[in-house]
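Lettering of chains follows the sequences in order, A, B, ..., and the numbering in each one begins at 1. Reckoned from all heavy atoms, side chains included, excluding hydrogens, waters and symmetry mates. Just so we're clear, the structure is a prediction, and the values are computed from it rather than from any experiment.
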Amino acid sequence: MELDFGYACISNIIKDCSTAKTVTIKQFKKIDDSETRHWKLKRITETNLQNTIRLLWHNIAENIKLYRFSSQLVPLATHQLGQIWDYTEECATKFAKIGRIITENGLKVSTHPGQYTVINTPKEDVFTKAKTDLEYHNRVLEAMNLDSTAKMVTHTGGVYGNKKKAKDRFITNFKRLDSTIQNRIVLENDDTSYSIGDVLEICQELEIPMVLDVHHHNCYNQGENLKKYLPKIFATWSKRKPKIHFSSPYSEEKPRHHADYIDAAAFKKFLNLAVDHNFDVMIEAKQKDKAVLKLRKELES
DNA sequence: TCGTGTCAAGATCTT
DNA sequence: AAGATCTTGACACGA
C-alpha cells in the first residue's frame with residue numbers, strides 16, 4: 001500500500017518562506033494613494049506565490065505529495081478594500097507556474113477555508129460572505145488551471161440549537177453555490193458538533209466526498225464505530241483515492257489542540273483498522289513537514 | 001531586536 | 001448585551 005502524506009501551508013524546515021504574509025486593514029487604511037495600495041497587495045501576493053513555489057519544490061524533493069495552500073495567498077482578497085486589482089490576471093504567470101509544477105509532478109493539493117466561512121448559517125449576509133470566500137478559493141485554483149480534483153475542505157458549521165435543521169440548511173445552501181464550487185467541496189467531521197455519522201449523512205445526500213478526521217472523531221463522536229464507518233466514508237470518494245486528516249492531541253488538558261508531532265503508535269493502530277483501504281494522509285501537526293518526515297521514518301522501522 | 005497585544009471574518013458559552 | 005474562547009501565523013508597536 002502506497003501512503004502519500006502532506007501538511008498545511010507552512011514548512012518548519014524551509015525558513016523565511018511564509019505563504020500567508022498579509023497586511024492588516026488598519027495599516028492598509030493608512031495608505032493614502034491607490035497606487036501604493038495596489039503595489040502593497042501585489043508585492044505581498046507575489047511573495048506568497050513565490051514562497052508557495054519554493055515549498056512545492058521542497059515537497060517534491062522530499063516526496064511529500066499532498067499540500068494544502070494557505071487561504072491568505074492574496075491579502076484582503078475577500079475584503080471590500082482589496083477589490084482594487086485583478087490578482088489572477090496580474091499574477092497569471094505565477095499562478096499558472098504553480099499549477100504546472102503540481103500537474104507535472106503528480107502533487108495533490110487542497111484548500112481549507114477557515115472558521116468564518118460558514119455555509120449553513122441562517123444569516124443571509126454571513127452566507128454571502130461564505131460564498132464570496134469560496135469563490136475566492138475557487139478563483140485561485142482556477143488561475144492555477146487545476147481541475148475539480150483540487151478540493152476545498154470545509155466543516156458543516158454551527159448547530160444553532162437544532163442540528164437537524166442546521167443539517168438541512170447546509171444542504172439547501174450548498175445547492176445555492178455554483179456547480180464549479182460544489183464540485184470542489186469536501187466535508188470534514190469536526191471536534192465539537194458534527195460527528196462522522198452526521199457528516200456522512202450529508203455527504204451521501206449531496207454525493208460529495210467526506211474527509212475523515214481521526215483526531216476530531218476522538219474528540220467528538222456519538223459512539224460511532226470507526227472500523228464499521230470506514231468503508232462508507234471512503235465510498236463517498238467513489239473512484240478517487242480518499243483522504244484523511246490525522247493529528248495527535250497536544251496534552252490531556254488540551255486534547256483538542258494539535259501536538260508537535262504524530263504519535264506513531266496511534267497512527268499504526270489506525271492503519272491496522274484501515275488495513276483493507278488505500279488513502280492519502282494530511283498531517284496536522286505543529287511541526288508541519290518535520291512531523292511528516294518523522295512519522296514516515298518511524299513507520300519504516 | 002525582542003516580546004506582547006492585536007487582527008476581517010462566526011459560533012458558542014459565560015458573565 | 002457584552003466579553004471570552006476557539007485557533008493561529010503574522011503584523012504592529014513599544015521597550
Side-chain angles (χ1 to χ4, degrees), chain A residues 7-31 37 40-41 43-52 55 67-84 87 111-137 152-163 165-167 169-170 173 188-194 198 213 215-216 219-220 245 247-251 253-260 282-291:
Chain A
Y7 64 98
C9 309
I10 287 163
S11 167
N12 259 5
I13 297 172
I14 309 296
K15 297 299 170 193
D16 298 309
C17 196
S18 169
T19 60
K21 283 191 186 300
T22 189
V23 57
T24 57
I25 301 288
K26 209 174 160 187
Q27 285 305 112
F28 193 70
K29 278 181 175 166
K30 286 184 191 169
I31 304 172
R37 285 192 175 192
K40 180 88 178 166
L41 295 180
R43 205 185 55 115
I44 295 172
T45 302
E46 284 182 335
T47 305
N48 288 339
L49 294 178
Q50 190 56 42
N51 285 343
T52 299
L55 288 192
Y67 177 69
R68 179 192 300 163
F69 291 118
S70 155
S71 288
Q72 297 181 76
L73 287 175
V74 184
L76 312 187
T78 58
H79 195 278
Q80 184 57 42
L81 290 174
Q83 310 310 306
I84 55 170
Y87 50 88
T111 66
H112 197 341
Q115 61 181 323
Y116 300 110
T117 303
V118 187
I119 294 173
N120 80 340
T121 178
K123 299 176 189 162
E124 194 56 24
D125 59 322
V126 175
F127 174 74
T128 305
K129 284 177 193 166
K131 194 166 179 285
T132 303
D133 190 54
L134 292 168
E135 281 162 0
Y136 152 71
H137 281 90
M152 311 196 287
V153 183
T154 76
H155 294 290
T156 311
V159 173
Y160 312 93
N162 186 332
K163 199 189 268 185
K165 278 187 180 167
K167 280 184 193 175
R169 194 165 48 244
F170 182 91
N173 282 351
E188 172 190 354
N189 60 300
D190 65 69
D191 56 359
T192 56
S193 308
Y194 290 91
D198 292 325
D213 189 309
H215 178 57
H216 288 168
C219 293
Y220 176 72
H245 290 178
S247 47
S248 294
Y250 178 73
S251 64
E253 301 79 52
K254 295 184 168 181
R256 284 161 53 196
H257 287 217
H258 292 162
D260 281 349
M282 180 57 79
I283 293 297
E284 294 179 324
K286 282 204 272 192
Q287 292 296 322
K288 304 285 182 180
D289 49 347
K290 260 190 197 173

Could I get the full list of side-chain contact (heavy atoms from CB on, under 4.5 Å) partners for [X], not counting sequence neighbours?
X	answer
A:N173	A:I119, A:F127, A:R169, A:R176
A:E46	A:K42, A:C91
A:Q287	A:N12, A:D260, A:Y261, A:K290, A:A291

Task: Under the salt bridge (charged side-chain N to carboxylate O under 4.0 Å, His left out) test, residues paired with A:R68 that sit two or more places apart - done: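 So A:R68 forms a salt bridge (charged side-chain N to carboxylate O under 4.0 Å, His left out) with A:E284.
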TODO: Using the test salt bridge (charged side-chain N to carboxylate O under 4.0 Å, His left out), find all partners of A:D190 that sit at least two apart in sequence or belong to another chain.
DONE: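 Partners of A:D190 by the salt bridge (charged side-chain N to carboxylate O under 4.0 Å, His left out) criterion come out as none, since no residue qualifies.
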Task: Partners passing ring pair (Phe, Tyr, Trp, His ring centres under 6.0 Å) against A:Y67 (at least two apart in sequence or in another chain) - done: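 By the ring pair (Phe, Tyr, Trp, His ring centres under 6.0 Å) rule, A:Y67 matches A:Y7, A:F69.
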Task: Partner residues of A:H245 under the ring pair (Phe, Tyr, Trp, His ring centres under 6.0 Å) criterion, sequence neighbours left out - done: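 With neighbours one apart ignored, the set is empty.
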- [ ] Mind listing the residues from residues 111-125 of chain A sitting with a heavy atom below 4.0 Å of DNA chain B? Number order is fine.
- [x]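 Within this stretch, A:Q115, A:Y116, A:V118, A:T121, A:K123 sit under 4.0 Å of the strand.
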We want to know whether [X] and [Y] form a side-chain donor-acceptor pair, criterion being a heavy-atom distance below 3.5 angstrom.
X	Y	answer
A:H137	A:S71	yes
A:D289	A:S11	yes
A:T19	A:N48	no
A:H112	A:E188	yes

Task: Gap in Å between the two C1' atoms, one belonging to B:dT6 and one to C:dA4, rounded - done: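 Nearest-Å result for B:dT6 against C:dA4 at atom C1': 15 Å.
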Open item on the list: Would you measure the distance from the C1' atom in C:dA1 across to the matching atom in B:dA8 and give it in whole Å?
Closed with: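 Pairwise C1' distance, C:dA1 against B:dA8, rounds to 22 Å.
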Open item on the list: Output the pairing pattern of DNA chain C as a dot-bracket string, 5' first, Watson-Crick or G-U wobble with both distances under 3.5 Å, | for cross-strand pairs, [ ] for crossing pairs.
Closed with: ||||||..|||||||
TODO: Report the relative orientation of the aromatic rings in A:H258 and A:H215; use parallel for angles under 30°, tilted for 30 to 60°, perpendicular for over 60°.
DONE: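 Aromatic pair A:H258/A:H215 classed perpendicular.
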Have a look at [X] and say if it touches a base, only the backbone sugar-phosphate, or nothing, with a 4.0 Å heavy-atom cut-off.
X	value
A:I10	sugar-phosphate
A:K30	sugar-phosphate
A:Q27	sugar-phosphate

TODO: Give every residue pair that meets the salt bridge (Lys or Arg N to Asp or Glu O under 4.0 Å) criterion with at least one member in residues 10-27 of chain A, sequence neighbours excluded.
DONE: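 Non-adjacent pairs meeting salt bridge (Lys or Arg N to Asp or Glu O under 4.0 Å): zero.
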- [ ] Take the protein atom CZ of A:F28 and the nucleotide atom P of B:dA9, then report the distance between them rounded to whole Å.
- [x]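 Value for this atom pair: 16 Å.
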Task: Span of DNA chain C, from the first to the last nucleotide whose atoms fall under 4.0 Å of chain A heavy atoms - done: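 Span of nucleotides near chain A: C:dC6 to C:dC13.
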TODO: For DNA chain C, find the residues of residues 14-26 of chain A with a heavy-atom distance under 4.0 Å and give them by number; none if there aren't any.
DONE: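 Of all residues in residues 14-26 of chain A, the ones placing a heavy atom under 4.0 Å from DNA chain C are A:S18, A:A20, A:K21, A:T22, A:T24.
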